[in-house]
Amino acid sequence: MDSKYQPGLFEENIYREWEKKGLFSAKVGKPFTILMPPPNANASLHAGHGMYTIEDILIRYKRLMGFASLWVPGTDHAGFETQFVYEKHLAKQGKSRFNFNRQELYDNIYQFVKDNSGLIYSQFKKLGFLADWERSVFTLDKHVLETVIQTFVKMEKEGYIYKDEYIVNYCPHCGTSLSELESVHVERKDPLYYLKYGPFTLATVRPETKFGDTAIAVHPKDKRYKKWVGQTVEVTGLLGKFNIKVIADTMVDMKFGTGVVKITPAHDPNDFEAGKRHNLEIKKIINIDGRLNELTGPYVGLKVKVAREKIVADLKAKGLIEKIDNEYTHAVTVCYKCGRDLEPTIIPNWFIKVEGLKKPVIKIIEDEKIKFYPKRYKKQVLQWLKVMHDWPISRQIAWGIRIPVWYRINGNEDKIWLSFINKKGEFKKGGTIAQFLSEGHSLDEIKLGLQQITVPLYKEEKVDYVVSVNEPEDGRDWIQETDTFDTWFSSGQWPLVTLKEEEYKTRFPTDVMGTLSDILPFWVSRMIMFSLYQKKQIPFKDVYLWSKVVDSKGQKMSKSKGNVINPIDLVNKYGADAFRASLIFGIGTGGNVPLGEEKVTGMRNFVNKVWNVGRFIKMNRTSVISNPSISLRTGSMRNPANEVSVNKRDNASLDFSLLARNDKLNRLNKELKITKKKYIKFMDSYQFSKALGLVYEFLWHRLADFYIWKVFKGDKHSILEVGFGSELGE
RNA sequence: GGAUCCGUAGCUCAGUUGGCUAGAGCGUUACAUUGACAUUGUAAAGGCCACAGGUUCAAGUCCUGUCGGAUCCACCA
């Protein structure tokens, strides 16, 4: 045996051996089940995935404790994320999504994902994960689609789904609307313009939206402006004179600016709400491509930022700007993916009415039917659930599960807007079906090259639709919604699609959901919601949340900082055990998980120590076998040194050579027993770091340094008699 | 603005319902070495436990306040 443990020589073989023995599938017995949080199908392993080790530890621990543990893996199509990556890939080839129709884009991404998938599983295997790989589920698998669509159909029938023109944050660059959770607020300094506005002066950072103003608001208690409330005033603007109503609303902060606000319901969430309260007209002046539309006169076609500069210059020229405050800082909403400014805009979106669905979730969490570890996340989830409002589930991207809704074309030709790639491969941008038909395109051509449709909701005359997987066959023409479901709509149903039918009787609710704390609101709360809705059961009993893996200085890993650690490199260099242990050892329940190469080498040393303990035992065993004259003697139990103390110092003064062999063994066995008990207590309460610390201390500083080296010095064969439970494995 | 968490050794962090001399890993220093392991062993140095009050026989731990940091939610015309 080598004096150094070389993981590279063993790991792969051991894993193959496990595969041969079929250790990955569940055995018969008391069930213990974990559903693996599905990584993106096209992802490769990053340090954060290393934390799945926690689930692997639980799976192995439970199996060694006699449970039929099952870990079901899977991958997520990760709609928006993946399309974003793919579009970057396209950009490198000088292409964009506008070169493809919907189906082509979908097919291409499918191929792209397929080419990249499988990588992460081979990496998981390198980490030694004991998941049942053959059962892997992909969120676009047939049975998943069926379930997801069935949920939508059921919700629609029961009135939980509605379509509405609602103000959503739209990313003109990524071409989709985003949920509130996908929007990030950043502090920024922007000029605050004081505009002359009829009899008023008002402050705004977005003068370009003034064309969409449909009211002016003041605070009801503001004496300065009281006389104007309810009046219509005349304002001179860039496009000439217009009349506008003055309303009173408590949303106005009297102390801010001049205490007067312009209301632009179509392009500001607050104004949208105010518009609803006061029944204001919604005047849309920015199209979803982020350009001003024909209602803005000479500014039509300009992008928001360009338009703003031009408008400010023109306002200045007309003497309509009173002053500019260049020191104004405010929060801007940006896309979490591309970082560009989001445009609050009104587009038709599908929503889930959350009110009735979230109530049982809140109840379950308050009653602790589902427990959170660490505890503090309970409060966070509850707080988040309480403020949660309706969830927009449609995304204007191709990569995802297409919403099973069909719009009737006949009679609605002038209401359905779409873009498509025509026969010649040309991109035909936004127009109505009627318009394209009159240009000589056939309906089939349009449908074939379809890229995206937008079906606005008119108050009186709604475009009728049916919810159906396939095109209705009634002789009329229908066209399917091009929007896809928000990824979290499908991954939120993960617990409903991962088990086999019969397992829902025995393995549901599953035991633990372990995941990154960041996605608690996106994912965990929604899984609970869907599970309660569809199965009337909680999906899991416990939720264990870990934090981000950061570098050894506590800095977030990022490419620009150059501090990204590739887990596979570490595994190749130091072994999977060392890497895994470094993510567990000395980690508190609180914050981030610091990972540095020093830490891994430290753990490698520990692994090596264990190796050498084994090596020592093996060497002595062969000497026992080769020398049969060595046998055990019995001894007295009455020696005072038998009082077991875990404290090293307490034992320092004792002379162990006086102890009989049996006494030594008893001491060791007793300590092992105590350690085991503690270990089990820690494991059962998800205190992995403490459990590992215990094993570390026992194997190294107690067994190796103390027992082998001091107590059994010169009497090494006795150590062979100690029974070591394999439960101490991890 | 609302909430949560954190300030403990040079660094990263433990410290259970208050209770003996406040711990670990890495780092530092000295010594040891034919011994299973130099990926080792034995030891040492290094702490006003952020600060100020309070409760208590007893506070790193509980309470109040101050300062500093992180995160979540809401909002910022």
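Sequence lines set the chain letters: A, B, ... in the order given, protein chains first and strands last, and positions in each chain run from 1. Only this structure's heavy atoms are used, side chains among them; waters, hydrogens and symmetry mates stay out.
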Sequence neighbours left out, what passes side-chain hydrogen bond (donor to acceptor under 3.5 Å, both in side chains) with [X]? Give chain and number order.
{"X": "A/Asp518", "answer": "none"}
{"X": "A/Lys210", "answer": "none"}
{"X": "A/Thr250", "answer": "none"}
{"X": "A/Lys378", "answer": "A/Glu368"}

Output field: ring centroids A/Tyr544/A/Phe688 closer than 6.0 Å: yes

Strictly distance-based, threshold 3.5 Å: is any side-chain N or O of A/Asn612 a donor or acceptor partner for the main-chain N or O of A/Ser3? yes

Just to be sure I understand the rule, does [X] reach a base, reach only the sugar-phosphate, or reach nothing, if contact means heavy atoms closer than 4.0 Å?
{"X": "A/Arg615", "answer": "sugar-phosphate"}
{"X": "A/Asp271", "answer": "nothing"}
{"X": "A/Gly586", "answer": "sugar-phosphate"}
{"X": "A/Val607", "answer": "nothing"}
{"X": "A/Phe585", "answer": "sugar-phosphate"}
{"X": "A/Lys609", "answer": "base"}
{"X": "A/Tyr696", "answer": "sugar-phosphate"}

Give the rounded distance in Å between these two atoms: [atom1] of [X] and [atom2] of [N].
{"X": "A/Ile584", "N": "B/rG25", "atom1": "CD1", "atom2": "P", "value": "18 Å"}
{"X": "A/His267", "N": "B/rA77", "atom1": "NE2", "atom2": "P", "value": "16 Å"}
{"X": "A/Glu273", "N": "B/rA77", "atom1": "CD", "atom2": "P", "value": "15 Å"}
{"X": "A/Gln383", "N": "B/rC73", "atom1": "CD", "atom2": "C1'", "value": "5 Å"}
{"X": "A/Lys690", "N": "B/rG25", "atom1": "NZ", "atom2": "P", "value": "17 Å"}
{"X": "A/Ile167", "N": "B/rA77", "atom1": "CD1", "atom2": "P", "value": "13 Å"}
{"X": "A/Phe688", "N": "B/rA14", "atom1": "CZ", "atom2": "C1'", "value": "17 Å"}
{"X": "A/Ile519", "N": "B/rU71", "atom1": "CD1", "atom2": "C1'", "value": "17 Å"}

Side-chain atoms of A/Asp253 come closest, of B/rG25, B/rC26, B/rA77, to B/rA77

Side-chain contact check for A/Glu598: nearest option of B/rC37, B/rC26, B/rA77 is B/rC26

Whole-Å [atom1] distance, [N] and [M]:
{"N": "B/rA44", "M": "B/rU39", "atom1": "C1'", "answer": "23 Å"}
{"N": "B/rU66", "M": "B/rU71", "atom1": "P", "answer": "22 Å"}
{"N": "B/rG47", "M": "B/rG10", "atom1": "P", "answer": "7 Å"}
{"N": "B/rC57", "M": "B/rG18", "atom1": "C1'", "answer": "12 Å"}
{"N": "B/rA77", "M": "B/rU16", "atom1": "P", "answer": "45 Å"}
{"N": "B/rG69", "M": "B/rU12", "atom1": "P", "answer": "16 Å"}
{"N": "B/rA45", "M": "B/rG25", "atom1": "P", "answer": "16 Å"}
{"N": "B/rC63", "M": "B/rU17", "atom1": "P", "answer": "12 Å"}

**Request:** Measure distances between side-chain N and O atoms of A/Arg376 and base N and O atoms of B/rU4, and say whether any donor-acceptor pair falls under 3.5 Å.
**Result:** no

Sorted by chain and number, sequence neighbours left out, salt bridge (charged side-chain N to carboxylate O under 4.0 Å, His left out) with A/Glu322 holds for none

Hits for salt bridge (charged side-chain N to carboxylate O under 4.0 Å, His left out) against A/Lys196, two or more places apart or cross-chain, chain-then-number order -> none

Sorted by number, residues from residues 197-211 of chain A placing a heavy atom under 4.0 Å from RNA chain B are A/Ala203, A/Thr204, A/Val205

Below 4.0 angstrom from OP1 or OP2 of [N], is there any side-chain N or O of [X]?
{"X": "A/Lys681", "N": "B/rU16", "result": "no"}
{"X": "A/Tyr377", "N": "B/rC5", "result": "no"}
{"X": "A/Trp700", "N": "B/rG41", "result": "yes"}
{"X": "A/Asn605", "N": "B/rU40", "result": "yes"}

For [N], the Watson-Crick or wobble counterpart (both distances under 3.5 Å):
{"N": "B/rC37", "result": "none"}
{"N": "B/rA22", "result": "none"}
{"N": "B/rG65", "result": "B/rC51"}

Nearest heavy-atom approach of A/Leu595 to A/Ile565 is O-CD1, 3.3 Å

In short, ring-ring contact (aromatic ring centres under 6.0 Å, His included) pairs touching residues 259-283 of chain A with sequence neighbours left out are A/Tyr166-A/Phe272

Are there any protein N/O atoms within less than 3.5 Å of an N/O atom in nucleotides 61-64 of chain B, and if so, which ones and at what distance?
none

Do A/Leu357 and A/Ile352 touch side chain to side chain, with heavy atoms closer than 4.5 Å?
yes

Sorted by position of nearest nucleotide on RNA chain B, 5' first, the leading residue of A/Val613 and A/Val260 is A/Val613

ask   = Between A/Phe606 and A/Tyr696, what is the ring plane arrangement, given parallel below 30°, perpendicular above 60°, and tilted in between?
value = tilted

If we require ring centres under 5.5 Å and near-parallel planes under 30°, does A/Phe256 stack on B/rA77? yes

